[in-house]
Amino acid sequence: MLGLMMHWPLMISSLIRHADRNHGETEIVSRTVEGPIHRYTYRDAHARSRQLVNALRRQGVAPGERVGTLAWNGHRHFELYYAVSGMGAIVHTINPRLFLEQLTYIIEHAGDRLVFFDLSFVPLVEKLAPLCPGVTTWIAMTDRANMPQSPLPHLICYEDLLAAEGDDFEWPEFDENTAAGLCYTSGTTGHPKGVLFSHRSTVLHAMAVCLPDAKGYSAQSVVLPIVPMFHVNAWGIPYAAPLVGAKLVLPGAGLDGKNLYELFESEGVETSAGVPTVWLGLIQYMKENNLRFSTLKSTTIGGSACPPAMMKTLRDDFGVRVQHGWGMTEMSPVGTICSPKAKHRDLSMDERLALSLKQGRPLFGVEMKNVGADGVDLPRDGIAAGDVMVRGPWVLRDYFRGDGGNPLSADGWFPTGDVGTIDSDGYLQITDRSKDVIKSGGEWISSIELENIAVSHPAVFEAAVIGVFHPKWGERPLLLVVRKEGATVTRDEMLKFYEGKIAKWSVPDDVVFVEELPHTATGKLSKKTLREKFKEHRLPTA
Ligand code: AMP
């Protein structure tokens, strides 16, 4: 027997319609690429999204068609999120930090005909245009006064497009499993792979992200996503904020310490989200200028492991509670967020920090397990480390156009490629990316654990650990360190720093000091580049 509740498909358009009706006065504030701060409300954003649909239809955009964006976090990008998906087409957010060949590949693979871009990407778009013959129209996300002088073919001005249209448009209702968004993985091995989100997966993910033990957003929140809207939908925040009516602050291209700090302060931002590297820059700027936050209370940090030193600095020096989060493009992206339980109330500060370093518990909607090399489920004891597998309504089932092989295990789980432990309370701790695990003799050494210790040294700005060839052990850890400006620390001091903190056999065999470390397009340490660069490195122990 079927239930007798209404059939009401989960539509992305219902999020913005809800925000207009119930939080119509709440602001969306953006730092524009052109310079000034732009300020309007959910009501305005809803009206302009509908104008944009009318413009897209005039450009011949059909349901199911992919529409590309090369853009920062800003109000026009937000309008594209809602207009494109809401009309039944697919918003394809392109990561401008990828290599030119990867960009060409994904634009062609997606079949983008229209690409919207922010002005900072004019030089990039000029390089892309001759390589992407499938793109017939390039739309500059600006007004007439700021239109670039560019030889680009079929160049259109965003504000001209909108000005020609009214906002008379009723959002269509269709199957909630319809595709809504497309985002490619950064493709560290082979071509980037397309992950195709649906209306249903996006709305369910946004609801889960708002829960109190997840990000806990409400109509009283002021949220600034530092994580870009081209990096897995800014972790779902552009959908979650209208769902609860939170004020949304979008930082545009100003992701440096100064610009971020000023926006946090001027807009009364209370909560944020970003990868560890942007926080490094912000913390450094604030320390150099002796600044404090007046409103920021918490932030989610994920995308890479948040080092304990960063968590401690944010907590003790800046009064900011860090919530560790873990996920991936294939998971929309949020899988776990770290929040304490009632039983943790009486933990000491140090015990709380140790708990916060775990990547957290799965949100309802994500089932998770870890398995050993033989594929057998491991005990949930917080000790046994194995391949982390997930399944759920916002986990991918297949890559776009099937290019990426069969991503699921025979019994329908998605192997994340991460290695970790799960404890009896459900907390996940990632020990490594499976490709980055250092296999020394029969033992596995966690590069994340070694990096976390290195960056807790007062002279260390950033650190990476990779496995390099060793004739006896197969691989041994090599530590690469970027010192803080003006700081001095020697190789021996660095190695001594590990004493008593971890088992002797997992202490790195060597240390190399470098000027900087390479990062991927999504801000992670590029271990692949480092392994390539140091593949001839001879360890003193070899
Ligand atoms: P992406 O698809 O670019 O979001 O990258 C996903 C990958 O980032 C995951 O598979 C992890 O390897 C890594 N990652 C994300 N969050 C964390 C975290 N909190 N700690 C460690 N690694 C993380």
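Remember, it's a predicted structure, so these values are computed and weren't measured experimentally. All residue numbers refer to positions in the sequence shown, counting from 1. In listed order, ligands and their atoms are each counted from 1.
With respect to Arg433 and Asp418, a salt bridge is recorded, a charged nitrogen being found less than 4.0 Å from a carboxylate O. Salt-bridge check for Asp423 with Lys358: passed, with a basic side-chain N closer than 4.0 Å to an acidic carboxylate O. A salt bridge links Asp213 and Arg361; the closest N-O separation between the charged side-chain nitrogens and carboxylate oxygens is under 4.0 Å. One finds a salt bridge joining Arg391 and Glu367 here, because a Lys/Arg side-chain nitrogen approaches an Asp/Glu carboxylate oxygen to under 4.0 Å.
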What does the contact table look like for ligand 1 (nitrogen or oxygen on each side, cut-off under 3.5 Å)?
from, atom 1, to, atom 2, distance (Å)
ligand 1, 2 (O), Thr329, N, 2.9
ligand 1, 2 (O), Thr329, OG1, 2.6
ligand 1, 3 (O), His231, NE2, 3.4
ligand 1, 3 (O), Lys524, NZ, 3.4
ligand 1, 4 (O), His231, NE2, 3.4
ligand 1, 5 (O), Lys524, NZ, 3.0
ligand 1, 8 (O), Gly303, O, 3.3
ligand 1, 8 (O), Lys524, NZ, 3.1
ligand 1, 10 (O), Asp418, OD1, 3.3
ligand 1, 10 (O), Asp418, OD2, 2.7
ligand 1, 10 (O), Arg433, NH1, 2.8
ligand 1, 12 (O), Asp418, OD1, 2.6
ligand 1, 12 (O), Asp418, OD2, 3.3
ligand 1, 14 (N), Gly303, O, 3.2
ligand 1, 16 (N), Gly303, N, 3.0
ligand 1, 19 (N), His324, NE2, 3.3
ligand 1, 19 (N), Gly325, O, 2.7
ligand 1, 20 (N), Ala305, N, 3.2
ligand 1, 20 (N), Gln359, NE2, 2.9

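Every residue meeting the ring pair (Phe, Tyr, Trp, His ring centres under 6.0 Å) condition with Phe497, not counting sequence neighbours, appears here in chain and number order: His457.
Closest of all the heavy-atom pairs between Ser272 and Leu224 is OG-O, 2.7 Å.
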